[in-house]
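Structure, as structure tokens:
For the single chain, residues carry numbers from 1 onward in sequence order.
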Amino acid sequence: MAYNSKLSYSYSTLPNRVRLVHVHRKGEVEYFGLVINAGSRDENTNEYGLAHFVEHTIFKGTQKRHSWHIINRMESVGGELNAYTTKEETVLYTVFPRGNLKRAVDLCSDLITSSVFPEKELKKEREVVKDEICSYLDSPAESIFDDFDERIFAGSAMAHNILGTEQNIDSFSSLDCRRWLNSKYSPDNIIVFYAGASNEAKVKELVNYYFGALSNQSPSISRTIPTVCSCFDISVEKSLHQSHTIAGIRIPGIKNDLRPTFSLLNNMIGGPGMNSLLNIEMREKRGLVYSVDSSTVLYSDCGILSIYFGCDHEELSKCREILCKSLESLPKRITARNLERAKKQFIGQLALARQNEENNAISAARQILYFDKIASPKQSADEIMSVSLDSFAEAINYVSPDNFSFLSYT
């Protein structure tokens, strides 16, 4: 199914239920990897941090490869091997020069089917992950986001930090890692993706050969929608040089019909453009902040729209007042003319984002995970263009200042 002259997408399901996304594109670079429908949200209390720890240690040895061989398998031909963990997903992928697809498929298959998690390697990696935790805690502009999540998702599996705790990291064994791998990296939870010049038949044959025997019999991922908590307004004394603040609200998840409306509204409030509402009001007009931005994080069944800014301690109250007044002004700002301008800007940003081929490949796999289909660039643009003033009014009801929770580090 060709959507433009440069890219075409197709997707299929192997007999064992592993789904394959094929993105055909010309060029000398290829991408291959997996999106696994399992993240920190799927951990039990004594497992907090395990999804991320497995993502780290999956590279430390398989039944036929030592860690050195894993590292060099793609790097020896100029490629890269990467992975990351979110609350709902684990992504494992490699980028490599054209002509090394079999090498990439073989390696990725080996990692998810035959990793042995040798205790000697786990001991070293525990220190690495604990250093990562400490480094992250030393950065208030980053750690405040997880602190906010813990409060807005309090009492649910969404609340805890992806990195886990040092106590948990010290407790994880080879058996714990293999159990997580076997229970979560099952065919129903795996989307395999490829982007490059190889045709679909060749890719499907390789994936079926290396992944076709994967048949872990494990229960489907089961998740409970987090209860909506009462609003909070909390200040935490940390003796910092600068104040850091997050204001946020719960919004519907990725499958909700308002998703494109919230994407557009978020971009207008504090997106990457310097012409965003809050950047103009707080930085350009008044010089109160170095940066202010808003973002949406959408999960399968819920989401967050959050606004972050850093400022001098004595300007915190003024910045909060400006933020609230700006949000209150939104209904008056959303005219038909302004809406069309916002749509044009956002569609242009989408076009620029599509220049990142790595993100394109991962995005295609995520779309299959959540929607079981892939939207073409035209379909994505049409979705934004279809946003109406009525749907904007509905979304704006969410972003009343009275609905926001606030967390500040001072």
Side-chain angles (χ1 to χ4, degrees), residues 36 38-61 67 70-71 80-93 111 115 117-181 183-185 226 232 234-246 248 291 295 297 299 304 306 308 310 407-410:
I36 298 104
S40 63
R41 181 181 186 177
D42 306 304
E43 300 163 341
N44 297 321
T45 304
N46 62 340
E47 295 176 328
Y48 288 175
L50 183 56
H52 175 257
F53 189 68
V54 168
E55 173 236 304
H56 266 247
T57 55
I58 200 173
F59 302 111
K60 298 305 177 180
S67 59
I70 292 170
I71 292 171
E80 299 176 359
L81 186 61
N82 298 296
Y84 63 85
T85 306
T86 72
K87 288 187 184 290
E88 291 192 330
E89 305 156 15
T90 305
V91 180
L92 166 68
Y93 67 101
L111 293 175
S115 283
F117 304 102
E119 183 57 40
K120 180 180 178 181
E121 295 291 341
L122 263 58
K123 183 178 181 180
K124 291 187 289 186
E125 204 62 25
R126 288 189 190 101
E127 298 307 313
V128 172
V129 174
K130 287 192 289 184
D131 283 346
E132 185 178 356
I133 292 173
C134 292
S135 174
Y136 145 84
L137 291 174
D138 284 342
S139 176
E142 294 181 22
S143 60
I144 192 173
F145 281 89
D146 279 326
D147 196 349
F148 188 86
D149 276 7
E150 288 181 9
R151 300 169 191 275
I152 202 167
F153 288 130
S156 79
M158 296 286 284
H160 67 273
N161 188 299
I162 291 171
L163 299 180
T165 64
E166 292 192 28
Q167 182 179 3
N168 273 8
I169 300 304
D170 281 334
S171 73
F172 294 148
S173 66
S174 297
L175 182 61
D176 293 325
C177 294
R178 285 195 296 270
R179 187 185 68 250
W180 179 267
L181 195 72
S183 64
K184 299 299 190 290
Y185 288 43
F232 54 84
I234 299 170
S235 180
V236 181
E237 173 61 48
K238 288 184 173 284
S239 300
L240 300 171
H241 171 72
Q242 182 186 51
S243 293
H244 301 266
T245 297
I246 288 186
S291 65
S295 59
V297 181
Y299 303 106
I304 295 178
S306 61
Y308 164 83
L407 173 63
S408 293
Y409 284 175
T410 60

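- Between the CZ atom in Phe145 and the OH atom in Tyr136 there is a gap of 10.5 Å [rounded to 0.5 Å].
- Taking the side chain as every heavy atom from C-beta outward, Ser408 and Ser243 never approach each other to under 4.5 Å.
- Rounded to the nearest 0.5 angstrom, Asn168 CG and Lys130 NZ are separated by 11.5 Å.
- For the pair Ile70/Leu81, a side-chain contact is recorded, criterion being any heavy-atom separation below 4.5 Å from C-beta on.
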message: If you apply the rule side-chain contact (heavy atoms from CB on, under 4.5 Å), what do you find for Val129 with His52, and how did you get there?
response: CA-CA 9 Å; Val129 174; His52 175 257; 4.1 Å; yes

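- Heavy atoms only, all atoms of each residue included: Leu240 and Pro140 are closest at CD1-CB, 3.9 Å.
- Contact check for Phe53 versus Leu163: no side-chain heavy atoms found under the 4.5 Å cut-off.
- Of all the heavy atoms in Pro226 and Met158, the pair that sits closest is CG-CG, 3.5 Å.
- Salt bridge annotation for Arg126-Glu119: present, with a cationic side-chain nitrogen under 4.0 angstrom from a carboxylate oxygen.
- Leu111 has its side chain within reach of Leu92: a pair of non-hydrogen atoms, C-beta onward, lies under 4.5 Å apart.
- Separating the NE2 atom in His56 from the CG atom in Leu122 is a distance of 12.0 Å, to the nearest 0.5 Å.
- For the pair Ala51 and Gly39, the tightest heavy-atom approach, listed with the atom from each and the gap, is CB-C, 3.8 Å.
- In this model, a donor atom of one side chain and an acceptor atom of the other lie less than 3.5 Å apart for Ser239 and Glu237.
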task: Dump the intermediate steps for side chain to side chain donor-acceptor pair (under 3.5 Å) on Thr57 and Glu125, then the final yes or no.
output: CA-CA 7 Å; Thr57 55; Glu125 204 62 25; over 6 Å; no

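- For the pair Glu43/Trp180, a side-chain contact is recorded, criterion being any heavy-atom separation below 4.5 Å from C-beta on.
- The CZ atom of Phe153 sits 11.0 Å away from the CG atom of Asp146 when rounded to the nearest 0.5 Å.
- Between Tyr48 and His160, the ring planes lie parallel to each other; the angle is under 30°, not in the 30° to 60° tilted range.
- Between the Ser115 side chain and the Ile58 main chain, a donor and an acceptor come within less than 3.5 Å of each other.
- For Tyr299, there are no ring pair (Phe, Tyr, Trp, His ring centres under 6.0 Å) partners at least two apart in sequence or on another chain.
- For the atom pair OG (Ser139) and CD1 (Ile144), the distance works out to 10.5 Å, reported to the nearest 0.5 Å.
- Residues Leu407 and Val236 meet the side-chain proximity criterion, which asks for heavy atoms closer than 4.5 Å.
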- request: Verify side-chain contact (heavy atoms from CB on, under 4.5 Å) between Ser40 and Glu88, making sure each step is shown before the conclusion.
  value: CA-CA 6 Å; Ser40 63; Glu88 291 192 330; over 6 Å; no

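- The CG atom of Asp42 lies 10.5 Å from the CD atom of Glu89; values are rounded to the nearest 0.5 Å.
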message: Let's go through Ile71 and Phe59 carefully: what are the C-alpha distance in whole Å and the side-chain angles of both, what is the deciding distance for side-chain contact (heavy atoms from CB on, under 4.5 Å) to 0.1 Å, and is it a yes or a no?
response: CA-CA 7 Å; Ile71 292 171; Phe59 302 111; 5.8 Å; no

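- By the ring pair (Phe, Tyr, Trp, His ring centres under 6.0 Å) test, Phe117 is found to be paired with no residue, residues two or more places apart in sequence or in another chain being considered.
- A donor and an acceptor atom, one from each side chain of Glu55 and Thr85, are located under 3.5 Å apart.
- At a threshold of 4.5 Å between non-hydrogen side-chain atoms, the residues Glu121 and Pro118 count as touching.
- Among all heavy-atom pairs drawn from Cys177 and Leu50, the shortest one is SG-CD1, 4.4 Å.
- Residues Ile152 and Ile304 form a side-chain contact, since some pair of their non-hydrogen atoms from C-beta on lies under 4.5 Å apart.
- By the 4.0 Å N-to-carboxylate-O rule, Lys87 lies close enough to Asp149 to be salt-bridged with it.
- Annotation: Phe232 is in aromatic contact with Phe148 [ring centroid separation under 6.0 Å].
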field: From CA spacing to verdict: side-chain contact (heavy atoms from CB on, under 4.5 Å), Ser291, Tyr308
entry: CA-CA 8 Å; Ser291 65; Tyr308 164 83; 4.3 Å; yes

